[in-house]
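Heads up, the thing below is written out as structure tokens.
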Amino acid sequence: MASSTLICDTQQWKELKAHAEDVEKTHLRDLLSDDERSQSMVVEFDGILLDYSRQQATLETREKLFKLAEVASLKQKINQMYNGEYINSTENRSVLHVALRAPRDAVIQSDGNNVVPDVWNVLDKIQEFSERVRSGSWVGATGKELKDVVAVGIGGSFLGPLFVHTALQTDPEAIESARGRQLRFLANVDPIDVARNITGLNPETTLVVIVSKTFTTAETMLNARTLREWISNALGPLAVAKHMVAVSTNLTLVEEFGIDPNNVFAFWDWVGGRYSVCSAVGVLPLSLQYGFSVIEKFLKGASSIDQHMYSEPFERNLPVLLGMLSVWNVSFLGYPARAILPYSQALEKFAPHIQQVSMESNGKGVSIDGVPLPFEAGEIDFGEPGTNGQHSFYQLIHQGRVIPCDFIGVVKSQQPVYLSGEVVSNHDELMSNFFAQPDALAYGKTAEQLQKENVPPHLVPHKTFSGNRPSLSLLLPSLNAYNIGQLLAIYEHRVAVEGFIWGINSFDQWGVELGKSLASQVRKQLNASRTKGEPVQGFNFSTTAMLTRYLQASADVPADLPTRLPQI
């Protein structure tokens, strides 16, 4: 397929469109009655089981999707990514988050240079620094050990590390490694987030990690200056160098801020923010909390999926299968959303992270060559751990809109609980729902079944479930650091596969820029109105009216801002 050809213009795409009309005539009840089909839709890798037999797809669908992958040059695009070619063409960059977790002896090129030694130089520096802090050989300005860490960053500098941290908090090995320590994440520029993050912390025992590639991100830098003031007020300005470190590429601004350049941890422009969990962005704060040895296992888990993605044939390749099925659901069956439903409370921050990875990557309206897409790309992602979600939005999934679901289960609980006299363990109770919900969605319940149960006639329509609602199930053997790394990489690569098929650039994010530039204009107006009394001007009627009302109602904010920190 020529690079300027849209995937929807290919014969393979058109054949899938026609095929979808046929598949939609067949209910999942009938598809699932074919045991041979179901068995062929179960794939295992390294103890992870994927069952996609509850997708509205036949064996013919799968073959047609593989032909679409072929005409979309999927294998070639995967190779280009792993070889460091500039597949992020709008920013003229490689896309090499796989290098962040590559073995020390691997060779991954960017601009003709093997980047793996650079990655490991930073990882070794993180290990050395985190061990000094954790052992008490690096102390704060007053000689006290630094037991508390606040990581300041937003977007990809926040959601990914928070997901991993939340998942590890109840892992037995991680608990032991983190004993006596705490890690917090400050992301939102809302002062309430600052207040919540410093409440109960002592500046003497707190280390702040500022994460900003350019050291210019507006929200992050205002929060960083706020915490610098918090530390300086308590300990004096010279304490900043002992209590603040940075993950950045801008050494000049870091040093001007008051941070010792020796305490800056690098990352590279071939790492996109939402793909940066395995860089110093995530590895530094997580290693400070759990120790580098635990986080290295997380990196190895992600690396195992990187190698699987690169080398495994498509029919047994977890990220490829998941990505192709997403394309099928979105572009051919017309389902724009996807529910991510982990049956593990430890994964409560997984869906918000994948929401960013997916929607910021694939929420595009033009092809990689800038041609407007005549089809919708990207998925609307949301989710909540089971069984909480069952008592929230499953009603819509069962009897309202059709939303394909990802059910994620874990064989061994991080924290097993057994009660004498109970029918099953607490984890078995949870997993009963994990196994039941996909079948409920697939089979539904007919009016005939309800009538046989003597349901009153006026209630039959309300209690009928149409079924034929697609889902897939991922079953992990456990949820240790290694498995968490695997889960992350599966979804990262799944998103890339979707983008490769749709022919878009999954690695830029121009859509976030416009709002930033408009916010800059508002910021200038607020300053001019508060300090000089200038009227609101240069905006449309609606914004002018809202801004004016805001300024009038908050007139108690002083024009010459004194320093005031949260009062909690």
Side-chain angles (χ1 to χ4, degrees), residues 129-130 133-134 136 138-166 168-169 178-212 215-248 253-254 256-260 263-265 280-282 284-290 348-349 352 554 556-558 561-568:
F129 178 75
S130 61
V133 172
R134 288 169 56 81
W138 173 291
V139 293
T142 61
K144 291 187 177 180
E145 291 187 25
L146 301 174
K147 296 282 192 179
D148 310 311
V149 173
V150 179
V152 183
I154 198 164
S157 303
F158 155 64
L159 291 165
L162 177 62
F163 144 60
V164 179
H165 171 51
T166 307
L168 284 172
Q169 278 182 311
R179 202 169 295 283
R181 309 192 62 81
Q182 60 177 316
L183 171 61
R184 300 182 182 184
F185 292 90
L186 171 56
N188 201 330
V189 74
D190 186 338
I192 291 170
D193 206 12
V194 175
R196 287 177 172 176
N197 271 280
I198 64 175
T199 296
L201 293 187
N202 180 356
E204 291 182 280
T205 60
T206 301
L207 178 68
V208 177
V209 179
I210 303 169
V211 183
S212 176
F215 228 63
T216 58
T217 307
E219 302 98 324
T220 297
M221 294 318 301
L222 181 54
N223 279 335
R225 291 190 294 273
T226 303
L227 290 195
R228 180 178 63 182
E229 192 69 30
W230 177 66
I231 290 168
S232 298
N233 273 1
L235 308 175
L238 294 179
V240 170
K242 296 291 287 182
H243 289 264
M244 300 188 91
V245 299
V247 177
S248 182
L253 289 183
V254 168
E256 288 176 5
F257 187 87
I259 293 174
D260 186 339
N263 298 328
V264 179
F265 299 82
V281 168
L284 176 58
L286 292 167
S287 294
L288 287 164
Q289 177 69 4
Y290 297 108
E348 65 178 305
K349 296 300 182 182
S554 60
D556 57 330
V557 174
L561 294 174
T563 294
R564 173 177 172 168
L565 294 170
Q567 302 301 304
I568 294 180

Q | From CA spacing to verdict: side chain to side chain contact (heavy atoms under 4.5 Å, CB included), Val209, Val247 | A | CA-CA 7 Å; Val209 179; Val247 177; 4.1 Å; yes

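- Scanning all heavy atoms of the two residues, the minimum distance from Gly156 to Val281 falls at O-CG1, 4.0 Å.
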Q.
Checking Thr166 against Glu348 for the side chain to side chain contact (heavy atoms under 4.5 Å, CB included) test, could you report, in this order, the C-alpha distance in whole Å, the side-chain angles of both residues, the deciding distance, and whether it holds?
A. CA-CA 7 Å; Thr166 307; Glu348 65 178 305; 3.6 Å; yes

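- Taken to the nearest 0.5 Å, the CG atom of Leu227 stands 12.5 Å off from the NE2 atom of His243.
- Contact detail for Val264 and Ser248: the closest heavy-atom pair is CG1-O, 3.7 Å.
- Distance OG/Ser130 to CG/Leu207: 11.0 Å, rounded to 0.5 Å.
- Other residues, nucleotides and ligands contribute only 12 or fewer heavy atoms inside 6.0 Å of the CD1 atom of Ile192.
- Other residues, nucleotides and ligands place more than 12 heavy atoms under 6.0 Å from the NZ atom of Lys242.
- Considering all non-hydrogen atoms of both residues, Asp148 and Gln182 come closest at OD1-CG, 3.0 Å.
- The distance from the CG atom of Leu565 to the OG1 atom of Thr226 is 7.5 Å, given to the nearest 0.5 Å.
- Below 30°, between 30° and 60°, or above 60°: for Phe215 and Phe257 the angle between ring planes is above 60°, a perpendicular geometry.
- Taking 4.5 Å as the limit, some side-chain heavy atom of Pro566 sits within range of a side-chain heavy atom of Ile198.
- Atom CG of Asp190 is separated from atom CZ of Arg196 by 8.5 Å, given to the nearest 0.5 angstrom.
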**Q.** Worked verdict on Leu201 versus Arg184 for side chain to side chain contact (heavy atoms under 4.5 Å, CB included)
**A.** CA-CA 10 Å; Leu201 293 187; Arg184 300 182 182 184; 3.6 Å; yes

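- In terms of heavy-atom proximity, Val152 sits nearest to Ala224 at CG1-N, 4.2 Å.
- Using a distance-only test at 3.5 Å, with no hydrogens or angles considered, no donor-acceptor pair links the side chain of Asn223 to the main chain of Gly153.
- In this structure, Lys349 and Leu159 have side chains that are not in contact, with every pair of non-hydrogen atoms separated by 4.5 Å or more.
- Side chain of Thr205 to backbone of Glu145: no donor-acceptor contact under 3.5 angstrom is found.
- Ring geometry for Trp138 against Phe129 counts as perpendicular: the plane angle is over 60°, on a 0 to 90° scale with 30° as the lower cut.
- Nearest heavy-atom pair, Leu183 versus Pro285, reported as atom, atom and distance to 0.1 Å: CD2-O, 3.8 Å.
- Atom-to-atom distance recorded for Arg228:CZ and Met221:CE is 7.5 Å, nearest 0.5 angstrom.
- In this structure, the separation between CH2 on Trp230 and OG1 on Thr563 is 15.5 Å, given to the nearest 0.5 Å.
- Nearest approach of Val245 to Leu284, heavy atoms of both residues: CG2-CD2, 4.2 Å.
- The closest side-chain heavy-atom distance from Val194 to Leu186 is below 4.5 Å.
- Under the 4.5 Å side-chain criterion, counting only non-hydrogen atoms from C-beta, Ile210 is in contact with Met244.
- Side chain of Arg181 to main chain of Leu288: a donor-acceptor pair is present (N/O by atom type, distance under 3.5 Å, no hydrogens or angles).
- Within the 4.5 Å cutoff, the side chain of Ile231 has no heavy atoms near those of the Thr206 side chain.
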